[in-house]
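Worksheet: the structure to be examined is printed underneath.
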Amino acid sequence: MDINLLKRLVKVVEQSNITEFSVQEGDLKIKISKNSKQSVNTVISQPINPVVQTAEPVAAQEPKAKEEEVNTNYHEIRSPIVGTFYRAPAPDADTYVQVGDIVSVGSVLCIVEAMKLMNEIESDADGKIVKILVENATPVEYNQPLFLIEKT
Amino acid sequence: MSAFTFKLEEMDIKLDTEYIGTNFIFYDELNSTNERLLTDDSIKQHGTVLLTENQFVGRGRMGRKWISEKDLSLTFSILLTEDVDSKNINIVNLGASLAVAKSMENLYQLDVNLKWPNDILISNRKVSGILVESITKGNRFEKVVVGIGINVNQPVFEGKLLIPPTSVRKEFGRPVKRERVLSEVLNEFESILEQIKTDPKGVLDSWRSRCNWIGEKVKVINGSDELVGLFDDIDSDGFLLLQQKDGTKKIINGDVSLRKT
């Protein structure tokens, strides 16, 4: 599913008088429902693809829950650099944040390390961490989304 | 006051910069110069240099320690609040080690080897280490703190360390002035920062020409990951290109060592 298409759909529903919208494309079902004036909820359900893709490395085949909620009130924290994502300041230390934590502008969320440079990423929004999008100690690309924050 | 006590005025005479070190802070003792510049929001000026004689909690990568010695080593950090962005941050990082290397050459004609990404070695021993830490908010680099430790006048080193250490004094043959080393590093670093704005490729070339391990067989360890290959080059972002049988791999992080064959 193209994320931009999804964003456009959410926007269309948001700006219209429709309160519920659903579409099916093959196995993929998308249901967008509006339960308040501001927020739009999107539920995507897609069965896990049973076809083994031999070209992909094994690690990439971890089954992932395909159920995601997209809310226009959500804010993405993206990586400003290419590097390795760490949720804690040192291997044996506590993580900076967990899902459910309330953060404010300036709260440290994670470290991305590149060439020994340790870059602390601070939140640029007030809100609640609703999702951590990257596994600890894995590589991230420039501009890759790391956290979803529900803005307050 | 011993003969080795740091004299600010001697450093200042040789300092020839527009912004690096024009705001200069000295602490007799401090937990960590990097930590102070990162956390003290009252220190804002671009180019501020913070020097301490006694650093109690010197930091290295992933919680490793940096050991400094009063009156003998140089332990300082440089604060950058402008002109750093996602595109040039890695070159600033490499540029810091380049500044130290050039200073060693200019002042003492020492033969320096840069170990990726930013250790400074003489005869395969570590004379200086660098730890850059930064804070970003959104896409903006709020602070970049370049921490530099240089072994200047230590006559001996005790204990077993990760990489065997050396000092400028040991390599040059006699004690040198720490004030002169510091001013030279700051002068070189500012001129490299200026060159990054107009000619980042030239900075990478200067770095490359001082990296003796390019073309050698190396081992790269990152956590539990261990790779062996040929150190082919650094790319335009400063990342290490490791040539292996099945192609070239871009290394973002890791400890590089020469592989003995």
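These numbers come from a predicted model, not from an experiment. All chains are named by letter (A, B, ...) in the order of the sequence lines, taking the proteins before the strands, and each is independently numbered beginning at 1.
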Look at atom NZ of B:Lys249 and say whether more than 12 heavy atoms of other residues, nucleotides or ligands are closer to it than 6.0 Å.
no

Here the gap from A:Arg78 atom CZ to A:Asn143 atom CG, rounded to the nearest 0.5 Å, amounts to 5.0 Å

Worksheet item: B:Ile214 and B:Trp116: side chain to side chain contact (heavy atoms under 4.5 Å, CB included), yes or no, with the steps?
Response: CA-CA 10 Å; B:Ile214 292 178; B:Trp116 188 89; over 6 Å; no

Answer key: most heavy-atom pairs under 4.5 Å with chain B among A:Ala137, A:Pro139, A:Ala114, A:Ser123 is A:Ala114

Check your understanding: Do B:Val185 and B:Ile150 have side-chain heavy atoms sitting under 4.5 Å apart?
Key -> yes

Whatever's closer than 4.5 Å to a heavy atom in chain A on B:Asn93 counts as side chain

Note: vs chain A, highest number of non-hydrogen pairs under 4.5 angstrom among B:Asn90, B:Ile251, B:Ile89 is B:Asn90

Requested in this report: Could you check B:Val228 against B:Val218 for side chain to side chain contact (heavy atoms under 4.5 Å, CB included), going step by step and ending with a plain yes or no?
Outcome: CA-CA 6 Å; B:Val228 172; B:Val218 293; over 6 Å; no

Cut-off 4.5 Å, heavy atoms of chain B, and the answer for A:Ile77 is neither

- Neighbour count >12 (heavy atoms, 6.0 Å) for atom NZ, B:Lys87: no

Q) Below 4.5 Å, heavy atoms only, C-beta onward: do B:Phe189 and B:Ile78 meet side chain to side chain? A) yes

For residues 232-242 of chain B against chain A, heavy atoms under 4.5 Å, the residues are B:Asp237, B:Gly238, B:Phe239

To the nearest 0.5 Å, atom CD1 of B:Ile91 lies from atom CG of B:Leu94 at 7.5 Å

*asked:* Run the salt bridge (charged side-chain N to carboxylate O under 4.0 Å, His left out) test on A:Lys116 and B:Asp255 for me, step by step, so that the C-alpha distance in whole Å, both residues' side-chain angles and the decisive distance to 0.1 Å come before the verdict.
replied: CA-CA 9 Å; A:Lys116 243 167 86 174; B:Asp255 286 317; over 6 Å; no

By residue number, those in residues 194-206 of chain B with heavy atoms under 4.5 Å from heavy atoms of chain A are none

Open item on the list: Closer than 4.0 angstrom, basic N to acidic O: yes or no for B:Lys126 and B:Asp119?
Closed with: yes

Does any donor atom in the side chain of A:Thr84 or B:Asn253 lie under 3.5 Å from an acceptor atom in the other side chain? yes

